[in-house]
Amino acid sequence: MADRLFSLVLMLAAVALGAAAWQLEVPFQYEPVGPKAIPLILAVLLFACTAWLAIRPDRLKEAYSRSMFGRHLLVVLGLLAYAWSFELLGFMLSTLLVGAVFARLFGLGWGKAALYSAALGGVGYVLLSRVLELNVPVGAVFGG
């Protein structure tokens, strides 16, 4: 039941995100896909995933332990740190740091977590800046 309530709240958030993205208008076009595309794609993906969760909730009924709460709190704090450090440290370095912490939370060792997050930052940067031709911040620390 909690899965379905959670998915209903996230569906409402997805609709709100989609409505806000639809209203987004800028006087100039600075990227090939425009400023609406990514929030709309995220809204559609969020809605689809939460609809799936509402239709097929998790079968595993695990007690919400203290350690799980701590891990969830670390994820939220990590996402806030990622948003805060994005302009200062740039896409690659902030993705490397936060990705390594998240990989550790999911059980990888420090070496594998560093390799994973370095690959995530590098491939993500190439995809966003070269393939999609989006402006990806390099970071104020690096003169960007």
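Note that these values count all heavy atoms, side chains included, but never hydrogens, waters or copies made by symmetry.
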Same cluster or not: [X] versus [Y], using hydrophobic residues (I, L, V, M, F, W, Y) connected whenever any side-chain heavy atoms lie under 4.5 Å apart?
{"X": "Leu17", "Y": "Leu79", "answer": "yes"}
{"X": "Leu108", "Y": "Leu74", "answer": "no"}
{"X": "Trp22", "Y": "Leu42", "answer": "no"}
{"X": "Leu46", "Y": "Leu40", "answer": "no"}
{"X": "Leu120", "Y": "Met92", "answer": "no"}

Interatomic spacing from [atom1] in [X] to [atom2] in [Y] - rounded to 0.5 Å:
{"X": "Asn135", "Y": "Leu128", "atom1": "CG", "atom2": "CG", "result": "11.0 Å"}
{"X": "Ile55", "Y": "Thr50", "atom1": "CD1", "atom2": "OG1", "result": "9.5 Å"}
{"X": "Phe102", "Y": "Thr95", "atom1": "CZ", "atom2": "OG1", "result": "10.5 Å"}
{"X": "Phe91", "Y": "Leu96", "atom1": "CZ", "atom2": "CG", "result": "11.0 Å"}
{"X": "Ser94", "Y": "Tyr82", "atom1": "OG", "atom2": "OH", "result": "4.5 Å"}
{"X": "Leu53", "Y": "Met11", "atom1": "CG", "atom2": "CE", "result": "8.0 Å"}

Exercise. Please name all residues satisfying ring-ring contact (aromatic ring centres under 6.0 Å, His included) with Phe47, sequence neighbours left out, ordered by chain then number.
Key: none
Quiz item: Of all heavy-atom pairs between Ala21 and Pro39, which one has the smallest distance, and what is that distance?
Solution: CB-CB, 3.4 Å
Exercise. Quick one: closest heavy-atom pair of Ala103 and Ala113, and the distance?
Key: CB-CB, 3.6 Å
Using links of under 4.5 Å between side-chain heavy atoms of ILVMFWY residues, direct or through other members, which residues join [X] in one cluster?
{"X": "Val131", "answer": "Val123, Leu127"}
{"X": "Val9", "answer": "none"}
{"X": "Leu45", "answer": "Ile41"}

Self-check item: Which residues share a side-chain contact (heavy atoms from CB on, under 4.5 Å) with Leu97, sequence neighbours left out
Solution: Leu89, Leu93
Self-check item: CA sep, side-chain torsions, deciding dist, call: Phe106, Val75, side chain to side chain contact (heavy atoms under 4.5 Å, CB included)
Solution: CA-CA 11 Å; Phe106 283 100; Val75 167; 5.5 Å; no
Quiz item: Got a sec, which residues hit side chain to side chain donor-acceptor pair (under 3.5 Å) with Tyr116, two or more places apart in sequence or on another chain?
Solution: none
